[in-house]
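Written below as structure tokens is the structure these notes are about.
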Number of protein chains: 4
Amino acid sequence: MYKHTYKDETVAKGDTYKHIIDSALALVAEFGLEKASLSMIANKAGISKPAIYYYFSSKEALLDHLFNLLFDDYQFDHYFPLETYTKDNFSSLLTDNGLHLLQEYDENPELLKIINHFIVYAGQKQAYDEKLKHTLTEFLDGFRRLLIHGQKLGVIKEGEDLTAKSQLLGLVLDNISSYLLMGIKVESTAVWTQAVSYVMGDD
Amino acid sequence: MYKHTYKDETVAKGDTYKHIIDSALALVAEFGLEKASLSMIANKAGISKPAIYYYFSSKEALLDHLFNLLFDDYQFDHYFPLETYTKDNFSSLLTDNGLHLLQEYDENPELLKIINHFIVYAGQKQAYDEKLKHTLTEFLDGFRRLLIHGQKLGVIKEGEDLTAKSQLLGLVLDNISSYLLMGIKVESTAVWTQAVSYVMGDD
Amino acid sequence: MYKHTYKDETVAKGDTYKHIIDSALALVAEFGLEKASLSMIANKAGISKPAIYYYFSSKEALLDHLFNLLFDDYQFDHYFPLETYTKDNFSSLLTDNGLHLLQEYDENPELLKIINHFIVYAGQKQAYDEKLKHTLTEFLDGFRRLLIHGQKLGVIKEGEDLTAKSQLLGLVLDNISSYLLMGIKVESTAVWTQAVSYVMGDD
Amino acid sequence: MYKHTYKDETVAKGDTYKHIIDSALALVAEFGLEKASLSMIANKAGISKPAIYYYFSSKEALLDHLFNLLFDDYQFDHYFPLETYTKDNFSSLLTDNGLHLLQEYDENPELLKIINHFIVYAGQKQAYDEKLKHTLTEFLDGFRRLLIHGQKLGVIKEGEDLTAKSQLLGLVLDNISSYLLMGIKVESTAVWTQAVSYVMGDD
DNA sequence: CATGAATGAGCTTTCATTCAT
DNA sequence: TATGAATGAAAGCTCATTCAT
């Protein structure tokens with residue numbers, strides 16, 4: 001699961017709105033979706049409980065908003081901009097982009113926590129489930145498109161099982177951040193570098 | 001996260017006890033740790049709420065029991081018995097053992113769900129966090145020991161970064177099951193096969 | 001144990017607040033601190049149970065409030081204002097003030113009941129215990145100060161054991177009200193009058 | 001409230017029975033009548049909860065038994081044996097007997113605590129209330145009979161208000177133990193000595 | 001005699017939600 | 001826009017009690 005730093009676009013809606021969202025994010029990260037109660041959120045936002053209902057019709061609506069905030073602008077291209085990849089920089093850029101993504105999450109452990117809460121919750125809410133599935137699938141697909149691009153550039157051999165290789169990349173990258181989140185020591189740089197070099201056919 | 005089929009040893013304790021545990025497992029899988037209430041569990045078990053307290057001193061104690069049930073006998077050796085690996089079967093056994101693990105979880109999607117709930121909950125309960133960390137670390141370490149064994153057998157080249165390679169194996173295997181759980185289509189066999197062949201230095 | 005008529009100062013807080021306190025006082029008097037449940041209190045106050053939590057953070061907080069209500073403004077001077085005592089009125093004023101106190105409690109048997117419940121409960125809650133001890137000690141001390149004042153006025157002989165005499169006064173007065181509360185017939189006026197005349201050295 | 005050391009006569013009923021009563025007494029002293037639950041009692045007695053029902057038909061029955069145990073053999077004569085009082089020893093014996101009673105309670109603070117719990121509970125249970133009233137009244141009456149005896153012996157003047165004096169004695173003695181129980185420092189010896197000397201007409 | 005197993009009633013507390021203002 | 005006041009529903013938990021064994 002990866003996500004770049006969250007930035008809410010709705011500037012016009014005023015401070016209270018943002019306070020609610022920020023408080024909600026912080027509390028969900030700390031206590032989870034259900035234990036983060038509206039009381040706590042209102043409290044942290046410095047407003048009264050009913051005020052939340054002015055902006056969100058229900059707690060569920062608020063959580064939905066957070067969910068979309070985190071997953072909406074989540075795109076493979078943001079981290080691995082296909083158009084910047086050339087024959088010469090392919091391997092090193094792939095490595096760098098991946099490491100950069102890992103670093104971003106390392107710096108925002110809260111985000112990963114929230115996302116994890118949503119992932120588990122997705123088991124109970126179909127709408128989340130579908131969006132989540134779609135998002136992750138898209139990301140895996142991004143790696144596939146990238147590898148195909150690499151083939152066209154001639155840096156990746158023809159005839160390889162690109163699907164499996166791209167999925168391996170996605171799975172590894174995703175899980176490195178999960179393990180980092182849990183505080184399990186993983187040599188993230190080395191592992192990612194190896195995964196890349198393998199996919200590139202280096203040895 | 002991997003786990004073989006759960007089997008409770010305490011046969012002597014009678015039916016009610018098992019009903020409680022089974023109901024709890026099912027409901028935790030479906031609704032999560034907090035939303036699976038004692039009322040629901042009692043209901044599903046066909047008993048009254050206080051009856052649960054005859055067997056467990058609190059809801060937390062019940063959840064702890066489930067947690068231990070799932071994580072206690074979780075061992076790398078169970079899936080990858082080091083002593084069975086030889087020079088000749090190393091590569092294929094590694095592949096087969098991994099696929100077998102994946103298949104096991106594929107057949108018990110409930111277990112993975114519960115485990116995921118516990119993983120998220122671990123963020124709030126240190127005891128879980130520690131055990132979880134220890135368990136996952138142990139599993140990664142298992143792969144490392146296995147690769148070292150492979151080196152001794154001469155099937156893996158000297159001078160390789162075994163730590164990174166073992167971690168790659170662990171991360172990939174773990175995340176394949178996660179993705180399967182979420183219903184994301186991953187070519188698990190192909191990916192795992194590739195990961196193994198990479199680590200073995202095949203190409 | 002003595003206490004003047006309870007009167008809550010917080011007029012501004014609205015009716016519900018007062019209803020809660022009044023209901024709580026009545027039910028604690030009748031059933032005791034533990035058996036007076038929030039359900040009963042809410043019921044008697046004509047509100048829902050959670051409404052109580054809007055005003056008090058817990059049952060304990062509510063009981064604490066009652067406790068303070070009863071003991072806070074409990075002062076010896078309120079019943080025996082030292083500055084009003086003169087050489088001429090000393091004996092009769094001491095008698096009158098005591099009788100007045102007894103009468104007050106006679107007219108508010110509920111208060112004494114509640115106080116008794118708190119006294120017993122003090123054995124389990126240190127905060128109550130300390131305040132209670134302090135309050136009663138202060139009252140005994142009040143009598144001592146009063147007798148010293150009497151010595152200065154020349155109505156009480158020098159060289160007497162004022163401590164013992166003052167404690168006798170306090171103990172008698174306190175226990176008369178207890179016995180009255182229990183419905184045990186005590187000739188309160190006669191007993192108190194005798195106690196006073198003894199302390200004054202009359203015969 | 002005064003009470004000599006409790007001693008159960010029912011020896012024949014076996015150990016369990018006594019264990020139950022002892023445990024109940026100890027726990028009632030510590031936690032009060034309601035909070036001392038049958039679970040706790042059974043636990044402390046080293047038996048199972050239903051075992052209590054073999055000896056007592058209900059918790060109330062058990063409490064009733066304790067109540068009677070404490071109040072049944074409560075007699076003024078036990079502490080102040082009228083027949084031992086003579087013209088010569090009257091004053092000193094009265095003093096000594098009272099001090100002895102106080103000392104007894106001082107050495108058994110548990111008993112006083114339990115008795116206090118019952119006194120408060122008496123407000124809710126008429127049967128207790130009546131017995132309690134009767135017991136206390138009897139004690140006050142005992143002092144009256146003693147003073148009358150003193151008059152006959154010629155150590156107390158004729159024409160005195162013996163009722164008020166006897167009540168004063170009873171109230172003082174009773175409340176001294178209460179205050180001692182609460183941990184309020186009272187010069188018990190001095191106060192009681194004064195009370196006696198007053199009643200005797202000494203000065 | 002005594003217990004393991006179980007229950008209904010009731011407890012304090014928290015929650016998302018509503019509504020008049 | 002925002003809040004004070006209140007609520008129904010449900011949570012985890014404890015208790016006195018029962019009953020077959």
Side-chain angles (χ1 to χ4, degrees), chain A residues 13-17 19-20 34-42 45-63, chain B residues 13-17 19-20 34-42 45-63, chain C residues 13-17 19-20 34-42 45-63, chain D residues 13-17 19-20 34-42 45-63:
Chain A
K13 285 213 178 178
D15 281 351
T16 301
Y17 181 68
H19 285 342
I20 292 172
E34 353 242 4
K35 278 210 170 169
S37 75
L38 292 186
S39 305
M40 294 163 72
I41 295 168
I47 56 168
S48 73
K49 230 190 312 180
I52 296 175
Y53 284 86
Y54 183 79
Y55 297 97
F56 301 97
S57 62
S58 66
K59 185 184 181 182
E60 201 185 14
L62 169 55
L63 294 185
Chain B
K13 280 213 179 178
D15 282 350
T16 302
Y17 181 69
H19 286 342
I20 292 173
E34 349 240 7
K35 278 213 169 168
S37 76
L38 293 186
S39 305
M40 293 164 72
I41 294 169
I47 56 169
S48 71
K49 224 189 319 179
I52 296 176
Y53 284 88
Y54 184 79
Y55 297 95
F56 299 97
S57 61
S58 66
K59 185 185 181 183
E60 201 185 15
L62 169 55
L63 294 185
Chain C
K13 280 212 178 180
D15 282 351
T16 302
Y17 181 69
H19 286 343
I20 292 173
E34 351 240 5
K35 277 212 170 167
S37 77
L38 293 185
S39 304
M40 293 164 71
I41 295 169
I47 57 170
S48 72
K49 226 189 317 179
I52 296 175
Y53 283 86
Y54 184 78
Y55 297 95
F56 299 97
S57 61
S58 66
K59 184 184 180 182
E60 200 184 15
L62 170 54
L63 295 185
Chain D
K13 283 212 178 179
D15 281 352
T16 302
Y17 181 70
H19 285 343
I20 293 173
E34 354 242 4
K35 278 210 169 167
S37 74
L38 292 185
S39 306
M40 294 163 72
I41 295 169
I47 56 168
S48 74
K49 228 190 315 181
I52 296 175
Y53 283 87
Y54 182 80
Y55 297 96
F56 301 97
S57 62
S58 67
K59 186 184 180 182
E60 202 185 12
L62 169 55
L63 295 185

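Convention: sequence-line order gives letters A, B, ...; per-chain numbering from 1. All heavy atoms count here, side chains included; hydrogens, waters and symmetry mates do not.
Residue pairs meeting the salt bridge (charged side-chain N to carboxylate O under 4.0 Å, His left out) criterion with at least one member in residues 45-57 of chain D: none, sequence neighbours excluded.
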## Note on the structure
Base-pair string, DNA chain F, Watson-Crick plus G-U, cut-off 3.5 Å on both distances, | for inter-strand, is .||||||||||||||||||||
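Contact annotation: A/Tyr55 side-chain N/O to F/dA2 OP1/OP2 distance is under 4.0 Å. Contact annotation: B/Tyr54 side-chain N/O to E/dA5 OP1/OP2 distance is under 4.0 Å.
In this structure, C/Leu38 and C/Ile52 approach most closely via the heavy-atom pair O-CD1, 3.6 Å. The shortest heavy-atom contact between B/Ile41 and B/Ala36 is CD1-O, 4.2 Å.
Every ring-ring contact (aromatic ring centres under 6.0 Å, His included) that D/Phe56 has, sequence neighbours left out, goes to D/Tyr17, D/His65. Take A/Ser58 and apply the side-chain contact (heavy atoms from CB on, under 4.5 Å) test, not counting sequence neighbours, and it matches A/Glu60, A/Ala61. For the side-chain hydrogen bond (donor to acceptor under 3.5 Å, both in side chains) test, no residue two or more places apart in sequence or in another chain qualifies with D/Glu34.
Rounding to the nearest 0.5 Å gives a distance of 11.0 Å between OG of A/Ser37 and NZ of A/Lys35. Atom CD1 of D/Ile20 is separated from atom OH of D/Tyr55 by 6.0 Å, given to the nearest 0.5 angstrom.
Atom P of nucleotide F/dA11 and atom CG of B/Leu63 are separated by 14 Å, given to the nearest angstrom. Distance CD1 (D/Ile52) to C1' (E/dG4): 15 Å, rounded to an integer number of Å. For B/Ile41 and F/dA10, the CD1 to C1' distance is 14 Å, given to the nearest whole Å. In this entry the distance linking CG of B/Leu62 with P of F/dA11 reads 15 Å, nearest Å. Here the C1' atom of nucleotide E/dA5 and the NE2 atom of B/His19 are 14 Å apart, to the nearest Å. A/Phe56 places its CZ atom 19 Å from the P atom of E/dC15, with the value rounded to the nearest Å. In this structure, CG of C/Asp15 is placed 18 Å from P of F/dG4, rounded to the nearest angstrom.
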### Task
Let me have a per-nucleotide readout for nucleotides 14-21 of chain F, 5' to 3', with B, S or -, counting only protein heavy atoms under 4.0 Å.
BBBBBB--
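When distances run from any side-chain atom of B/Ser48 to the nucleotides E/dA2, E/dA6, F/dG8, the shortest one goes to E/dA6.
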